[in-house]
Every structure is written in C-alpha cells, then in structure tokens.
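For reference, the structure is listed below as structure tokens.
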Amino acid sequence: MNKITNEQELIERVKICSSCMDKKIKVKDGHRAIVVCGGTGCLSSNSQNLLDKFNKLIEEHNLQDKVTANIVGCFGFCSKGPFVKIFPEETLYTQVKEDDVDEIFEKDILNGEVVERLLFLDPVDNVRVQKQSDIHFYKLQRRDIALRGNDTLNPESFEEALGFETFLGLNRALRMSRQDVITEVLKSGLRGRGGAGFPTGRKWQFAYDVDSEEKYIICNGDEGDPGAFMDRSIIEGNPLNVIEGMMIAGYAIGAKNGYFYIRAEYPVAVARLKNAIKLCEENGLLGDHILGTDFSFRCHIRLGAGAFVCGEETALLNSIEGKRGMPRPRPPFPAVKGLWGKPSVINNVETLANVPFILREGWEKYASIGTEKSKGTKVFALGGKVNNVGLVEVPMGVTLRELIYNIGGGIPHDKKFKAIQTGGPSGGCLTEKDLDTPIDYDSLIARGSMMGSGGAIVMDEDNCMVDVAKFYMTFICDESCGKCSPCRIGTKRLLEILEKITEGRGTMDDITKLEELSKVVKSNSLCGLGQTAANPILSTLASFRNEYIEHVQDKRCSAHVCKKLIEYYIIPEKCKKCSLCARQCPVHAISGVVGKEPFVIDTTKCIKCGACLSGCRFGAIIKR
C-alpha cells in the first residue's frame with residue numbers, strides 16, 4: 001500500500017486492517033487462523049518448525065484462502081510452551097511437538113475436533129481447559145497494555161499492528177500541544193518501569209523545559225537482571241507499539257531522533273525491531289512530516305555488549321557515544337544534559353509500551369487501573385521455585401500471594417514457601433509475612449525490597465538465604481565497572497565475607513562487618529548499581545539472620561546448599577550392603593564389606609560431589 005501521509009489515511013488503513021484482524025480472530029465465516037508462539041523460549045524449542053509444517057500442510061490441502069498460519073509473540077506461560085492457538089475458537093494447545101502438527105491439522109483444522117490431550121491440564125480441577133482465558137494463570141492478568149497483542153498479532157506485520165489500533169495514540173498526540181501530551185502522561189500517573197519508579201511525565205517535563213534545538217529519546221532495552229526477560233518479550237511480541245511510545249515521547253519533548261539501546265544477546269528482538277523500523281519508514285510513519293504535521297522523527301538502534309552497568313542511565317549514554325560504559329556524576333541529569341550534551345529522556349521498554357494506551361484511551365482510563373500512587377499494570381518475569389514459570393502482566397495492587405499462588409500456581413512438590421526476591425540484584429527478599437503486601441512501588445520499598453524492572457524469583461525451603469546473597473554479590477562484583485572505590489572494593493570485600501561464612505570459616509564479627517560495610521557501600525557508591533548492591537545482604541540479614549548465625553556458630557547449612565558445610569551419611573539400618581555407592585564414589589571415600597556390613601563414608605576424603613546420594617536406590621544416604 002501507499003505511504004500514510006495524513007490523519008484520514010491512517011484512520012482508513014486502521015479500519016481496513018481491523019476488519020482483517022476481525023476475520024482472523026473473531027468472525028466465524030469458515031476462516032481459521034493458526035498462531036504459533038514466537039518468543040525466544042518457544043523458538044528454542046523449535047516452534048519455527050511447527051509453523052513451517054503448518055504452512056506446508058495448508059499448501060498441500062490448497063487452503064490458502066481459508067487458513068492462515070503465522071508467528072506471534074510470547075504467550076507468557078513459558079513452562080508450558082511451545083504454544084499453538086487456533087482462531088476463532090481460541091483453542092490453546094500446549095507443549096506442542098513437531099509430531100503433533102499432523103494431528104492438530106487433521107482433527108481441528110479439517111474436521112473441527114479438539115485434540116484433548118494437548119489442552120492444558122488444570123492441576124486444581126484435573127480437567128482439560130480449551131480456552132486460554134479460562135486457565136488460572138491468565139485469569140488475574142491484564143495483558144492489554146504493555147503486552148498488548150503479544151499472543152495474537154504477527155510482530156512482523158504492519159497491517160496486523162494497525163488492526164490493533166497502533167499509531168492512533170500517536171495521531172491523537174500530534175493533534176495536541178506538546179505540553180498537553182506531557183500533562184496527559186502526568187495525569188495518568190505512569191511511573192518509570194525500569195526500577196526507580198520516577199514519574200514519567202516529570203522526566204519529560206524537565207527535557208521539554210530545556211531550550212535546545214536537538215533533543216533525544218532513548219529506549220533502555222539493556223535488561224541485565226538475572227532471570228529477567230520482560231523487555232525482550234515486549235519487543236519480540238509487538239515492537240511497533242514500543243516505537244509508537246517512543247515517537248509520542250519524542251513529539252512531547254521536541255526530539256527528532258530516538259535510540260534503542262538493546263543488548264546483542266537478544267537477536268530475535270533486535271531483528272524484529274529492525275524490521276518494525278523499516279516497516280514504519282516504508283509506510284510513512286517514520287521520517288519527515290509524519291501524518292501531515294511538522295513532526296519529523298527517526299529511530300536508530302545501538303547494540304549493547306551485555307554490561308549490566310549499562311542499564312544505568314549515564315553509563316548507557318557513554319556506551320551510545322562510543323565510550324566505556326561507566327556512570328557519570330549527577331547532576332547534571334540526562335534530561336538536562338544527556339546524549340552528546342543534549343537534553344535526553346531515557347525510558348525503558350515497558351514504560352514506552354504503556355504510553356500508546358494512555359494517549360489512545362485517555363489518562364482517566366489508565367489511572368483507573370492500579371493503586372493510588374502506582375497506576376497501570378506491571379510486567380513480571382516470574383521464576384524460581386514456582387509451578388507456573390513465565391511472563392505475567394498484572395494490575396498494580398495485586399498481592400504477592402496472588403502472584404505466587406493464584407498466577408504462579410504455588411510451590412512445586414508441596415514445598416514450603418520461603419522468600420521472593422523482587423527487583424533483581426538491586427532488590428531484596430520478602431518472606432511469608434509479606435505475602436499480602438500489594439505490589440506497588442511504595443509498598444515494596446517499605447518492606448525492604450523494590451519493584452525493579454520486574455524480576456520475581458521465588459524460593460522455597462531448599463534455598464539457603466546466605467547462598468542467595470552470595471549469588472547476587474558474585475553477579476554484582478562481576479558487573480561493577482570499577483569507577484568508584486565503594487563499589488569496586490566494597491562489593492569484593494562483601495563477597496569475601498560471604499564466602500568465609502558459607503565455607504564455615506566465618507565469625508560473629510564477620511556478620512557485624514557484613515552489615516556495616518553494606519551500609520557504607522549503599523551510601524557512598526556513585527550510581528544505582530553500587531547504591532543498591534548490598535540490598536540482598538541487608539534484606540536477608542533482616543529476615544534470615546538466624547541462617548547466618550547457624551553458618552557461623554554451628555558450621556551448618558540447614559538447607560544443605562553450602563557445599564563445605566554438608567556431610568554425607570549412610571544410615572546403617574537402611575544400607576543394603578550392595579557397594580553401589582562405593583562404586584559410584586570417584587575418590588574411594590566409601591568402604592564396607594559386600595553383603596556383610598553397612599558401608600561408611602570417610603568425611604575426610606569425601607569431596608561432596610553427591611554421586612553416592614544420587615546412585616543409592618534405597619534412600620540410605622542423606623545430607624546432614
């Protein structure tokens with residue numbers, strides 16, 4: 001089609017594309033649509049092969065006019081992928097393998113019969129669930145803002161994006177004054193989804209108020225938290241929505257150029273974003289005089305090399321400029337003096353993905369979602385010791401209990417919940433007493449954690465909280481840029497103390513030093529990475545000090561995680577005297593007489609590899 005040059009042409013194209021989307025997902029006129037999950041997780045399980053096979057079968061049966069098959073974004077329920085969804089019935093098939101494609105096509109597409117065995121099996125009711133919306137994992141979610149269209153539209157199709165009313169928010173913004181757009185975002189209550197929760201409209205206002213001919217919008221896609229994949233999935237699923245959000249922000253502050261800073265480890269997201277930018281340029285939505293106005297805007301991509309510190313605003317700016325990714329002292333703040341010394345607004349992917357909804361639907365509708373001080377929804381990467389691992393979007397105010405048990409499906413194997421780490425390395429551990437805490441910025445901070453970018457790692461009784469603190473501190477030490485001494489040296493000393501404690505060499509003085517040094521690093525580091533580096537230590541000390549004391553005084557790890565504090569023991573009454581454990585031992589630390597006497601482990605020789613424990617068929621070997 002021709003380029004869209006004005007408001008009327010956009011509205012007409014949206015009507016046409018909406019009609020096509022209706023045909024795909026709503027109208028039962030004999031047309032069927034097959035969509036296959038195209039998120040990184042499902043692609044790694046060969047979902048592309050599923051799509052190729054469906055398209056081959058469509059061609060073989062000469063059904064191109066009646067059946068379509070294409071890729072979509074992440075369905076979120078990652079532990080049950082790959083997914084195949086059939087429209088208009090909205091039948092959802094889970095954990096689909098290549099060998100299942102023929103059966104789905106034969107039964108469902110050709111004969112309208114549901115393949116029962118591939119439907120989700122609800123563990124609560126023990127029944128097969130046909131529709132995605134009826135699965136408990138999805139019921140509490142609201143996946144129509146940041147994850148809008150993720151599991152429905154083809155992320156590489158400009159027409160399908162228009163069918164979801166993409167760019168209508170931009171169109172409305174361009175008919176308003178720049179200040180009115182900023183006011184709209186301020187009234188909505190949108191706060192930055194990158195971690196700190198700073199009001200988005202205020203950040204835009206700072207940049208708008210600076211008199212400069214050149215300004216920049218930067219999308220921070222450098223998602224480095226362990227276990228986090230929110231921003232990657234948003235870009236993979238609907239990159240045009242994020243581009244629209246960037247363009248609205250660019251118009252609001254008076255910028256002509258936007259930069260996507262995204263890590264190179266996200267090849268699918270990068271490829272789809274490049275394609276989306278190309279589609280916008282071809283259709284007249286990026287370039288000069290957009291929609292017949294004086295607004296001109298272009299998007300650029302810069303790839304990050306994976307340094308966690310480049311998620312910090314000023315380190316990110318240095319990286320885009322071709323310098324080493326190290327933070328700058330503030331003030332001046334980027335909104336005043338940012339990229340190449342010009343006013344720059346830095347918003348993360350999820351923040352920009354929220355903006356089109358606000359301008360399309362109005363600030364009142366957005367502000368009606370969430371809590372008094374935390375509006376809208378939040379996307380979380382829910383992982384760890386939880387049954388339903390995946391990507392979720394929930395209204396602000398949902399409790400941790402609802403997130404873990406209603407959406408996450410509880411703890412596997414009926415284990416006891418112990419803690420949830422929110423906010424990644426910058427956050428803290430929340431315990432059972434915090435489960436009814438509403439998920440919003442202020443409530444989590446008041447409990448000693450933070451929202452962060454949206455990582456949520458669940459832990460059970462088998463996790464050692466001292467080891468958890470050591471894991472995050474190891475990560476921080478590896479990722480520290482080394483510019484300031486409190487972070488460069490302080491985090492290393494903190495890690496050394498944690499290593500002493502987990503190896504049984506710690507003292508009570510070490511616990512005191514750990515707490516004091518954590519506060520020094522927190523209050524004296526240059527950037528947010530160092531200022532929050534000690535949060536996992538401080539939060540675990542606050543809630544699980546008894547575990548630190550146990551490691552120091554009893555030289556014991558009750559979770560049996562810290563290797564040097566574990567002792568393997570053979571229960572004489574259970575030992576079958578078969579010598580299987582002795583044959584498994586790589587260092588010959590187990591002795592006994594076959595058929596005559598129980599076997600014994602020499603703890604001075606044992607390297608605690610666990611081979612004997614996994615090899616014993618009779619449960620005679622335990623950790624203690």
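Excluded from the calculations below are hydrogen atoms, water molecules and symmetry mates; all remaining heavy atoms, backbone and side chain alike, are included.
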Exercise. Any ion pair linking Lys513 and Glu516 (charged N to carboxylate O, less than 4.0 Å)?
Worked result: no

Problem set entry | Residues forming a side chain to side chain contact (heavy atoms under 4.5 Å, CB included) with Cys78, sequence neighbours excluded | Cys74, Phe229

Exercise. Just by distance, do the side chain of Gln132 and the backbone of Ile135 share a donor-acceptor pair under 3.5 Å?
Worked result: no

Exercise. Would you find a donor on one side and an acceptor on the other, under 3.5 Å apart, between the side chain of Lys555 and the backbone of Gly504?
Worked result: yes

For this session: For Arg143 and Val392, work out which heavy atoms get closest and say how close.
Result: NH1-CA, 4.2 Å

Exercise. Which residues pass the side chain to side chain contact (heavy atoms under 4.5 Å, CB included) test with Ser45, sequence neighbours left out?
Worked result: Pro82

Problem set entry | Residue pair Leu529 / Cys487: nearest heavy atoms and the distance that separates them | CD2-SG, 3.8 Å

Problem set entry | Cys606 to Ile601 - nearest heavy-atom pair and separation | CB-CG2, 4.1 Å

For this session: Could you grab the distance from atom CD1 of Ile457 to atom SG of Cys429, nearest 0.5 Å is fine?
Result: 10.5 Å

For this session: Verify whether one side chain among Glu98 and Asn46 offers a donor that lies under 3.5 Å from an acceptor in the other.
Result: no

For this session: For the pair Asp460 and Lys385, find out whether any cationic side-chain nitrogen is under 4.0 Å from an anionic carboxylate oxygen.
Result: yes

Problem set entry | Donor-acceptor pair between Tyr266 and Glu236 side chains, under 3.5 angstrom | no

Exercise. Which residues satisfy the salt bridge (charged side-chain N to carboxylate O under 4.0 Å, His left out) test with Asp440, sequence neighbours excluded?
Worked result: none

Problem set entry | Residue list, salt bridge (charged side-chain N to carboxylate O under 4.0 Å, His left out) with Asp510, at least two apart or on another chain | Lys500

Seminar exercise, completed: One should read off an interatomic distance between Asp222 CG and Leu316 CG, to the nearest 0.5 angstrom, of 6.5 Å

For this session: Can you establish whether the number of heavy atoms outside Asp478 located under 6.0 Å from its atom CG is more than 12?
Result: yes

Exercise. Looking only at heavy atoms, which two atoms of Ser558 and Arg556 are closest? And how far apart?
Worked result: CB-NH1, 3.6 Å

For this session: Indicate yes or no for a side-chain donor-acceptor contact from Ser539 to the backbone of Gly428 under 3.5 Å, with no hydrogens or angles considered.
Result: no

For this session: Compare every heavy atom of Thr502 with every heavy atom of Cys562, then report the nearest pair and how far apart it is.
Result: CB-O, 3.5 Å

For this session: For Asn535 and Tyr472, test the side chains for any donor-to-acceptor distance below 3.5 angstrom and give the result as yes or no.
Result: no

Seminar exercise, completed: For Lys418, the side chain to side chain contact (heavy atoms under 4.5 Å, CB included) test, sequence neighbours excluded, returns Met465, Phe544, Glu547

Problem set entry | Minimum heavy-atom distance Cys481-Arg324, with the two atoms named | O-NH2, 3.1 Å

Exercise. Is the backbone N or O of Asp231 less than 3.5 Å from a side-chain atom of Glu223, with the two atoms forming a donor-acceptor pair by type?
Worked result: yes

Exercise. Counting only heavy atoms not in Arg128, do more than 12 sit closer than 6.0 Å to its CZ atom?
Worked result: yes

Exercise. What pairs meet the salt bridge (Lys or Arg N to Asp or Glu O under 4.0 Å) rule with one or both residues in residues 421-435, with sequence neighbours excluded?
Worked result: Asp434-Arg447

For this session: Indicate yes or no: does Arg117 engage Asp100 in a salt bridge with an N to O separation below 4.0 Å.
Result: yes

Exercise. Taking the side chain from Tyr93 and the backbone from Ile104, do they hold a donor-acceptor pair closer than 3.5 Å?
Worked result: no

Problem set entry | Residue pair Val84 / Leu118, side-chain heavy-atom distance below 4.5 Å | no

Exercise. Does a donor on one side chain sit under 3.5 Å from an acceptor on the other, for Asp602 and Thr604?
Worked result: yes

For this session: Please list all pairs passing the salt bridge (Lys or Arg N to Asp or Glu O under 4.0 Å) test where one or both residues lie in residues 387-413, with sequence neighbours left out.
Result: Arg401-Asp436

Problem set entry | Chi angles and distances behind the ring pair (Phe, Tyr, Trp, His ring centres under 6.0 Å) call for Phe120, Phe77 | CA-CA 11 Å; Phe120 175 70; Phe77 204 173; 5.4 Å; yes

Problem set entry | Backbone N/O of Cys310 and side chain of Ser319: donor-acceptor pair under 3.5 Å | no

For this session: Mind checking ring-ring contact (aromatic ring centres under 6.0 Å, His included) for Phe380 and listing every partner two or more places apart, or none if nothing turns up?
Result: none

Exercise. Just by distance, with hydrogens left out, do Glu550 and Asn546 show a side-chain donor and acceptor under 3.5 Å apart?
Worked result: no

Exercise. Looking only at atom types and distance, does a side-chain atom of Gln531 sit under 3.5 Å from a main-chain N or O of Ser525, one as donor and one as acceptor?
Worked result: yes

For this session: Flag the pair Lys415 / Asp462 as yes when at least one side-chain heavy-atom distance between them is below 4.5 Å, and no otherwise.
Result: yes

Exercise. Which pairs, with at least one residue in residues 557-578 and sequence neighbours excluded, count as a salt bridge (Lys or Arg N to Asp or Glu O under 4.0 Å)?
Worked result: Glu567-Arg624

Exercise. Is the number of heavy atoms from other residues, nucleotides or ligands under 6.0 Å of Lys596 NZ greater than 12?
Worked result: no

Problem set entry | For Glu515, all residues meeting salt bridge (charged side-chain N to carboxylate O under 4.0 Å, His left out), sequence neighbours excluded | Arg545

Exercise. Quick check: does any side chain N or O of Thr491 sit under 3.5 Å from a backbone N or O of Ile476, one acting as donor and the other as acceptor?
Worked result: no

Exercise. Side chains of Val394 and Thr377: does their closest heavy-atom pair fall under 4.5 Å?
Worked result: no

For this session: Ignoring hydrogens and angles, state whether a donor on the side chain of Tyr568 or Thr603 is under 3.5 Å from an acceptor on the partner side chain.
Result: no

Exercise. Are any of the side-chain heavy atoms of Cys616 and Leu580 separated by less than 4.5 Å?
Worked result: no

Problem set entry | Sequence-distant partners of Arg302, side chain to side chain contact (heavy atoms under 4.5 Å, CB included), two or more places apart | Tyr259, Tyr261, His300, Ile320

Exercise. Is it the case that Thr422 and Ser449 place a side-chain donor and acceptor less than 3.5 Å from each other?
Worked result: yes

For this session: Say whether, by atom type as modelled, one donor and one acceptor occur between the side chain of Thr540 and the main chain of Ile537 under 3.5 angstrom.
Result: yes

Exercise. Quick one: does Asn388's side chain have a donor or acceptor within less than 3.5 Å of a partner on Phe137's backbone?
Worked result: no

Exercise. Glu499: what forms a salt bridge (charged side-chain N to carboxylate O under 4.0 Å, His left out) with it, not counting sequence neighbours?
Worked result: none

